Amino acid sequence: MTYISMVNITKTFGKVTANKDINLSVDKGEIHALLGENGAGKSTLMNMLSGIYFPDSGSIFINQTEVKFNSPKDSIQAGIGMIHQHFKLVEVLSAQENIILGQQMGFFLNKKAIRNKILEIAQKFQLDIDLGKKVYEMSVGEKQNLEILKVLYRGAKILILDEPTAVLTPQETAKLFKIMRRMKEEGCAVIFISHKMNEVMEISDKITVLHKGQTVATLEKNMTNPQELTELMVGHPVDLSIKRLDRQRDTITLKVRDLKVENNEGIEVLKGLNFDLYAGEILSIAGIAGSGQKELCEAIAGLYPIKSGQILFKEENLVGKNPKEIIAKGVSMSFIPEDRLGMGLVAAMGIVDNVLLKQYQKEKGFFVDRKPAVLKAKEIIKKLDVQTPGIYHPIRDLSGGNIQKVLLGRELDTNPELLITAYPVRGLDINTCHKIYDLLNEEKQKGVAILYIAEDLDSLIALSDRILVLSNGEITGVVDARKATKEQIGLMMLGEKIKETEGAYAV
Amino acid sequence: MLYKVVKRSEITQGKSFGIRTAAIILALLTSAVFIMILNLNPLEVYASLIKGAFGSNYRIKQTIITAIPLVITSLGIAIAFKMKFWNIGGEGQIMMGAFAASFFALRYPDLPKPILLSLMMIAGMVAGGLWALIPAFFKAQWETNETIITLMMNYIAIKWVTYLQYGPWRDKGALGFPKIPNFSDNAILPNFLGIHIGWIFALILIIVVYIFMKHSKLGYEIAVLGESENTARYAGINVKRTIIIALLISGGLCGLAGMIQASAVSNTLNVEVSGGVGFTAIITTWLASLSAPFILLASILFAALIQGGSFIQTAFGIPAAAAMILEGMILFFVLGSEFFIKYKLTKNGSAKSAAGKGEI
């Protein structure tokens with residue numbers, strides 16, 4: 001039975017048509033994936049379903065009754081709950097407090113009754129949550145569970161998940177899928193926005209593909225395959241394989257020896273790392289989130305205090321040097337955190353001033369010269385096809401993918417000899433991902449040493465030369481990417497050490 | 001609901017100044033109600049307010065003289081605010097600047113005028129800068145809360161000057177009256193076009209600070225640091241050094257305002273030298289959205305309000321507190337208007353609603 005249907009929905013923003021005559025219908029007990037490139041109109045469509053935007057034309061039906069949402073409140077009342085990419089939780093409050101926040105109720109709280117009701121829902125959907133725990137103490141997966149529980153408590157029967165797995169580890173993703181299946185069994189409808197083809201193929205029943213604001217097709221999962229979906233999504237045939245360039249290994253650019261760092265609680269988060277990185281090589285780092293990837297990046301960039309050990313960049317020790325000196329030597333570090341803005345960019349500034357961030361210190365004198373930065377900004381926009389209203393427009397308003405392009409474009413522009421890039425394709429659509437892989441290969445061709453950190457093991461194996469696996473701050477092995485398997489790496493990520501793989505661990 | 005609140009994606013500086021000006025007009029309207037309760041005609045009161053501020057050559061001069069320290073202090077505060085360092089200590093920095101300048105004025109009254117005045121200016125800036133350096137150092141070193149520390153240091157500075165006035169620096173020739181001796185002529189800033197030359201300093205500083213914030217490396221670093229400390233560290237900016245230098249400049253400008261006030265306006269040091277300028281400047285800085293050219297406009301507006309306010313007190317026989325209500329009302333509305341700078345109201349269901357953030 002059709003539960004939600006959106007008919008001929010059109011929405012324009014100024015001159016941009018974000019959605020044009022879109023049709024979508026979802027049944028009860030169905031997991032429906034919404035697939036499309038960055039900017040295809042997925043979020044806009046879902047924002048209309050959750051009452052944030054109002055369609056210019058077209059109608060929305062819930063249970064065959066037409067509805068008009070003037071605010072998110074109306075949408076919640078109609079049983080729709082949206083889990084946004086960025087969680088909307090109050091950090092200092094507990095899980096329970098976050099759930100009841102903003103609910104209409106009497107002056108006094110019957111905490112016990114509320115608690116029982118929440119626990120009942122949590123049990124029904126097998127959501128694992130500690131109600132007394134403060135949000136700031138929670139992992140990303142726990143926060144997401146809390147968000148889901150929150151909308152369920154508010155009576156949601158239709159759950160919209162906007163790229164929920166972008167921030168999750170494979171284990172957390174598996175848990176989320178379990179919850180989604182549970183909801184399906186309870187007769188709820190789940191709309192799942194994602195870029196990740198394998199996830200879409202795993203969890204969904206039906207798939208609607210959007211391209212440039214229009215519905216391309218709605219397909220049964222069993223009747224289609226990733227190749228077809230990708231072509232529909234991108235609008236033209238694509239080569240899904242990632243190229244690996246073979247290049248002779250000669251000089252070592254980076255040597256890390258016995259690197260130990262401690263976090264501010266005195267816990268050792270990198271426990272004596274040893275590895276080499278060659279010029280013209282892509283060395284990937286695989287590991288469960290929080291295994292020390294971030295600390296390693298920051299330690300090399302001079303942003304994290306080092307307890308002991310050496311970081312030799314072209315035989316020169318970087319330990320003890322400040323970030324400015326390290327940048328000047330030709331080391332570039334870009335880390336795309338979960339919120340995508342993070343430390344590499346200034347949200348309130350335009351592309352020009354963000355490009356300037358890595359340039360102005362090279363300029364002489366008291367003043368900054370923005371002219372070269374303006375040229376560079378235009379170059380980056382053209383080369384990477386960045387969608388922006390203008391070079392001075394605050395990058396905060398750009399979509400995540402465009403923000404990432406600005407960051408990566410700037411970093412590549414500094415002509416580094418060592419390029420550290422963490423999660424550069426986080427949340428990007430296939431087309432953009434491939435553009436970024438191509439860029440990395442281009443740098444590799446030039447002889448740049450690349451330390452590449454990512455979550456998606458398939459692309460990691462396809463792109464890199466060697467894969468270093470980190471588990472809990474230790475290296476559990478370095479494998480040749482040409483021979484590696486996902487299963488092997490998965491085990492190593494969980495802490496299983498391997499004997500030296502042939503030809504890979506070259507110290 | 002007919003209207004809903006939508007977050008603005010961006011706002012031009014001109015538009016935000018417009019919204020703030022609208023807030024001032026609303027404040028005037030609201031105050032009009034209050035004036036009517038006092039059985040006075042608001043139009044008459046406002047007319048004489050304007051007359052009091054700009055009604056004659058003399059009054060215009062007085063308004064400009066009032067605006068000078070406001071402009072210079074606001075410029076100083078704006079630099080700190082750009083870094084999101086909430087320098088509430090303008091008052092104390094003015095005091096310490098005035099104190100250091102007075103030290104030279106009183107100790108070397110017979111030095112040649114250009115030398116003495118230069119000495120006083122340098123001393124004023126250094127002292128103001130050092131007074132701001134203390135909270136800056138604490139913040140850089142231990143991440144203390146600068147709002148509280150700068151605020152508290154105001155009172156230390158004021159009490160220090162009170163002590164000097166009643167104690168060691170007391171004028172023995174003043175027949176027991178607790179005041180510090182007047183400066184010699186050499187320690188008093190000369191006039192230019194009938195107003196002490198502080199106004200020239202103020203205008204020059206507006207240009208200098210504008211260029212500094214827009215086009216200097218340090219100004220850029222201050223802006224980056226204000227947006228995100230992590231990004232600043234990532235880009236290789238020395239965070240501690242930037243905080244300290246920015247506050248030296250910020251406090252230095254406030255200290256210069258103190259020197260000007262002591263030298264040209266009071267001709268001596270007393271506890272009234274700062275006269276609340278350090279606090280009023282917070283309002284004008286905010287009103288001008290930290291932009292140097294708009295600081296000039298906002299400062300003249302507030303100077304007119306202060307001058308006109310004291311005029312209507314005498315003209316209508318209303319208490320000083322009543323005149324201050326207008327000032328308070330403006331602050332209230334301007335702070336309230338912040339909401340409309342961040343958000344806008346759109347008609348429900350209109351086609352252009354919510355043309356804001358997010359993926360299209």
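In what follows, chains are A, B, ... by sequence order, proteins preceding strands, each numbered from 1. Remember, it's a predicted structure, so these values are computed and weren't measured experimentally.
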* Asked: For A:E325, is it the side chain, the backbone, both, or neither that has a heavy atom closer than 4.5 Å to a heavy atom of chain B?
  -> neither
* Side-chain touch B:V224/A:M349, heavy atoms, less than 4.5 angstrom -> yes
* Region of A:I327 that comes under 4.5 Å of a non-hydrogen atom in chain B -> side chain
* To do: Check whether more than 12 heavy atoms from other residues, nucleotides or ligands sit under 6.0 Å from atom CD of A:E66, and answer yes or no.
  => yes
* Measure the shortest side-chain to side-chain distance between B:H215 and A:R370 over non-hydrogen atoms and say whether it is less than 4.5 angstrom. => yes
* Asked: Which heavy atom of B:G236 sits nearest a heavy atom of A:P323, and at what distance?
  -> CA-CB, 3.8 Å
* To the nearest 0.5 Å, tell me how far A:F366 CZ sits from B:I211 CD1. => 10.0 Å
* Greater than 12 external heavy atoms within 6.0 Å of A:K371's NZ -> no
* Donor-acceptor under 3.5 Å (B:Y234 side chain, A:M333 main chain) -> yes
* Take atom NZ of A:K324 as the centre, draw a 6.0 Å sphere, and report whether it contains more than 12 heavy atoms from other residues, nucleotides or ligands. => no
* Heavy-atom distances under 4.5 Å only: say whether B:A232 touches chain A with side chain, backbone, both or neither. => neither
* From B:K217 atom NZ to A:L356 atom CG, the distance as rounded to the nearest 0.5 Å -> 10.0 Å
* How long is the gap from CD on A:Q361 to OH on B:Y220, to the nearest 0.5 Å? -> 9.5 Å
* Structure fact -> Ranking B:K214, B:R233, B:E227 by heavy-atom pairs under 4.5 Å to chain A gives rank one to B:R233
* Is the CZ atom of A:F367 crowded by more than 12 outside heavy atoms at less than 6.0 Å? -> yes
* To do: Please state whether the side chain, the backbone, both or neither of A:D353 comes within less than 4.5 Å of a heavy atom of chain B.
  => both
* Taking atom NZ of A:K321 as the centre, report whether more than 12 heavy atoms of other residues, nucleotides or ligands fall under 6.0 Å from it. => yes
* Asked: Does a sphere of radius 6.0 Å around CZ in B:F332 hold more than 12 heavy atoms from other residues, nucleotides or ligands, not counting ones at 6.0 Å or beyond?
  -> no
